[in-house]
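Right, one structure below, let's go through it.
Chain letters run A, B, ... following the sequence lines, proteins first, then strands; residues in each count from 1. In what follows, every heavy atom counts, from backbone to side chain, and hydrogens, waters and symmetry copies are set aside. None of these values were measured; they are calculated from a predicted model.
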Number of protein chains: 2
Amino acid sequence: MPKPWATLGVDLHLEPTGPGLRRGLTDALREAVRTGRLAPGTRLPSSRTLATDLGIARNTVAEAYADLVAEGWLTARQGSGTRVAMGAPPTPFRRWGSAVVPPSGTAPSRRERHRPTYDLRPGTPDLASFPRTEWLKAARRAFTSAPNEALGYGDPRGRIELRTALAAYLSRARGVRTDPEHILICAGFAHGLTLLGTVLRAHGARTVAVESYGLPPHWNLLTAAGLRTQPLPYDELGTDPTVLTDEDAVLLTPAHQFPMGAPLHRDRRAAVVDWARRTGGLVLEDDYDGEFRYDRQPVGALQGLDPDRVVHLGTASKSLAPGLRLAWMVLPPRLMEEAVSAKGGMDTCGVMDQLTLAEFITSGAYDRHVRSARLRYRRRRDALVTALAAHAPEVHVTGIAAGLHAVLPLPSGTERTVLQAATWQGLALHGLTFFRHTAALAEPLDALVVGYGTPPDHAWAGALEALCRVLP
Amino acid sequence: MPKPWATLGVDLHLEPTGPGLRRGLTDALREAVRTGRLAPGTRLPSSRTLATDLGIARNTVAEAYADLVAEGWLTARQGSGTRVAMGAPPTPFRRWGSAVVPPSGTAPSRRERHRPTYDLRPGTPDLASFPRTEWLKAARRAFTSAPNEALGYGDPRGRIELRTALAAYLSRARGVRTDPEHILICAGFAHGLTLLGTVLRAHGARTVAVESYGLPPHWNLLTAAGLRTQPLPYDELGTDPTVLTDEDAVLLTPAHQFPMGAPLHRDRRAAVVDWARRTGGLVLEDDYDGEFRYDRQPVGALQGLDPDRVVHLGTASKSLAPGLRLAWMVLPPRLMEEAVSAKGGMDTCGVMDQLTLAEFITSGAYDRHVRSARLRYRRRRDALVTALAAHAPEVHVTGIAAGLHAVLPLPSGTERTVLQAATWQGLALHGLTFFRHTAALAEPLDALVVGYGTPPDHAWAGALEALCRVLP
């Protein structure tokens with residue numbers, strides 16, 4: 001019988017009895033954090049209190065807490081107890097490496113001391129390769145020639161220089177059809193998705209179809225906006241949008257499914273646009289790493305098929321660095337004013353970075369940087385494939401045609417063990433389960449999602465070795 | 001009898017009959033925009049439709065629309081009809097000069113063609129004096145020495161370098177008592193106030209006391225967060241917080257009342273902190289231009305009296321430039337985690353500007369810039385006082401001890417005429433009525449609020465002349 005769990009404040013829909021008690025409790029708590037039922041920052045009851053409340057042994061609770069701290073879902077700090085990790089559930093986009101830096105002079109926090117030696121979680125590019133010199137040159141050129149009014153309260157859509165540069169670049173590189181008037185600059189993809197959630201809700205939308213595999217924080221943003229997320233089936237051809245009926249919108253990663261790695265099947269690209277035209281639904285195209293395709297021509301943006309039905313979302317977080325906090329939405333004209341209103345009617349991004357990125361793109365530095373990054377990531381991918389072939393020939397790596405991560409299928413039932421081993425080895429890794437929607441219409445798969453963008457060059461060989469060590 | 005005004009979608013609480021019909025209609029529409037009942041971007045019915053609906057002459061509606069376009073509340077563009085100006089009601093912080101810039105090659109919009117020759121609205125500093133060279137030097141130093149992880153997904157509170165620099169600066173310059181752990185960087189004051197609105201609502205707050213004179217967009221942000229704004233009385237000593245009872249919070253400009261210009265009276269500073277301690281209420285201290293005080297020592301931050309009861313909000317928008325989109329909140333420790341959650345659990349400000357501002361402050365460049373800006377603004381203020389003494393000796397300018405604006409009292413009933421004359425002269429001006437809360441507990445006063453920060457140096461003499469021409 002489910003217990004009331006009064007001290008936790010949420011019902012975990014769990015029957016914590018029998019032999020799998022610790023695992024059941026761990027899974028239920030993880031699920032509550034992932035779905036947002038336990039909000040970031042929430043202080044959990046002490047293991048003693050929760051154990052009493054559940055009528056189970058205190059050690060079982062303590063062990064479940066420790067597991068979740070090791071996995072990054074919870075934090076345990078001296079004096080502040082056990083809490084849900086800040087900043088929504090830990091995601092591939094919340095890195096240990098960029099967590100709270102203690103002011104100089106204070107002792108490193110427990111979190112700092114536990115920083116992993118290698119980080120192979122997807123989501124962040126190689127920050128050591130950020131083109132600092134070129135960026136500073138572009139900043140100087142952009143800032144020196146900017147008119148004074150650029151320093152004032154600006155156009156809520158973002159600087160015209162950047163919107164103009166993006167309109168040309170996206171047309172050329174991604175096949176996007178737009179003009180500077182219909183681009184909205186935002187402070188990262190999450191900001192853009194939040195704005196779209198607000199716009200959709202204002203239109204009375206209730207349900208957004210999502211992929212069975214994707215990023216829980218993105219689904220949480222939609223949930224927070226008052227929308228229900230409903231996963232689409234996932235089969236051997238990838239995400240299947242042909243089942244769409246009366247959903248109000250669909251969020252997809254058409255160029256490079258995240259995290260599985262394949263582009264949306266050609267027939268299904270057509271199907272999703274047909275659905276949108278037929279029903280008035282909106283397609284949200286998350287084009288997070290469309291630039292990084294290695295073996296053939298990039299897959300063009302879905303938006304090019306119907307600019308009135310598809311919102312194209314891009315970001316500088318993968319091609320340059322997340323710290324810039326710059327992303328963009330290409331909007332159907334009818335949604336522009338509403339999106340601007342949702343943004344609060346004012347620009348929220350610093351003008352300096354906007355002007356610099358505009359200059360970076362128009363001067364050709366962006367193209368040069370993407371080319372050189374593509375080469376570097378491709379080499380890493382090749383090294384990953386070679387190392388796996390040599391040390392773990394039974395692992396058939398997939399999703400390697402593009403992007404900054406690959407999927408390593410594991411024997412059924414081993415993902416959890418492999419992740420635990422990785423933690424012990426000081427290797428930060430994510431399993432595929434992390435990216436699976438709780439209502440996913442797909443067979444559960446055990447796999448690792450390995451991001452090869454994050455480690456700096458000097459750490460890459462070591463990270464690969466550590467990875468091979470933990471594979472079964 | 002009030003008409004239904006079905007085509008407008010809102011009830012204007014107006015009886016549009018009798019001789020003051022046009023003025024009544026204009027006032028009611030302005031009020032509906034200011035209070036947000038007519039949302040930014042809303043398309044108004046054609047003058048013909050509304051006239052029919054109201055049973056009045058079409059010309060009367062057309063003239064009211066034209067008045068409000070001239071005042072900046074509405075926009076009229078070819079093909080898109082008459083709309084409520086984007087980005088919330090026009091405010092002193094929404095400048096004509098920084099409005100939508102048409103892409104090169106297109107004809108200037110009607111808005112552009114009507115750009116005023118001189119702009120004396122308060123809210124923006126002299127952008128031509130932004131220390132570009134020093135800023136770029138700081139950017140280079142900061143960016144060259146930043147660790148790679150600075151480019152990743154960062155601490156949701158903002159970069160530690162900036163929080164550390166601000167903690168030291170605010171303590172020294174403003175008497176704020178805090179540490180880097182309790183400062184939250186945000187993308188401008190409005191962003192910070194929005195986050196606080198969310199935090200207050202989550203605590204079940206319903207009412208925020210505000211000043212009878214202030215910024216309608218700030219009140220609108222609180223309203224949008226689900227809070228009621230309740231103005232405090234304003235008397236010869238300024239804002240009177242001694243009447244506070246069971247309000248949940250109070251928003252004040254203690255160092256320099258905006259727009260009236262006096263600091264909060266000494267006894268009343270103590271009273272507001274007493275109230276907060278007694279009732280558990282929260283004080284929101286808007287310290288927008290605390291650095292610019294000319295005739296004596298700056299008034300210290302109210303936060304210094306009780307860091308557990310006062311949230312101190314500061315911004316780089318007045319001391320440097322709004323385009324940086326950088327502001328900060330100093331929070332009582334108990335509210336930090338909630339404010340971080342409200343921020344979405346992630347940093348939203350570009351790291352480059354944050355690192356640059358940190359370097360700018362710690363290197364002493366910020367102090368030098370503030371000193372030189374203070375001198376420049378003081379000279380402008382002196383020129384304003386001198387010009388008024390010569391050309392309009394009956395105007396007794398007030399609020400000149402600090403900040404970037406002054407209040408020029410006008411004979412009762414003349415504010416509107418003066419503003420109209422200013423529009424004809426190509427002079428952008430705000431009357432005090434713009435800043436008066438609709439439920440203000442204060443006698444209505446006719447006055448101009450003159451911002452002397454905005455015009456570049458070369459335009460300052462011309463702006464002063466134009467101002468003297470329109471005074472009665």
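The part of A:P147 that comes within reach of chain B is its backbone (N, CA, C, O), which places non-hydrogen atoms under 4.5 angstrom from that chain. With a 4.5 angstrom heavy-atom cutoff, B:T133 does not touch chain A via any of its atoms. For B:A146, the parts lying under 4.5 angstrom from a heavy atom of chain A are both the backbone and the side chain. Residue contact with chain B, scored on non-hydrogen atoms closer than 4.5 Å, is absent for A:T194.
Closest of all the heavy-atom pairs between B:G123 and A:Y153 is O-CE1, 3.7 Å. Scanning all heavy atoms of the two residues, the minimum distance from B:P322 to A:G152 falls at CB-C, 3.8 Å.
Residues satisfying the side chain to side chain contact (heavy atoms under 4.5 Å, CB included) criterion with A:L151, sequence neighbours excluded, are A:F143, A:V351, B:L127, B:F130, B:R132, B:A321. Under the side chain to side chain contact (heavy atoms under 4.5 Å, CB included) criterion, A:D126 pairs with A:A128, A:S129, A:R376, A:Y377, A:R380, A:P456, A:D457, not counting sequence neighbours.
The residue among A:G188, A:A187, A:C349 with the most heavy atom pairs within less than 4.5 Å of chain B is A:C349.
B:M346 places a side-chain heavy atom less than 4.5 Å from the side chain of A:R325.
Going from atom OG1 of A:T356 over to atom CG of B:D353 covers 8.0 Å, rounded to the nearest 0.5 Å.
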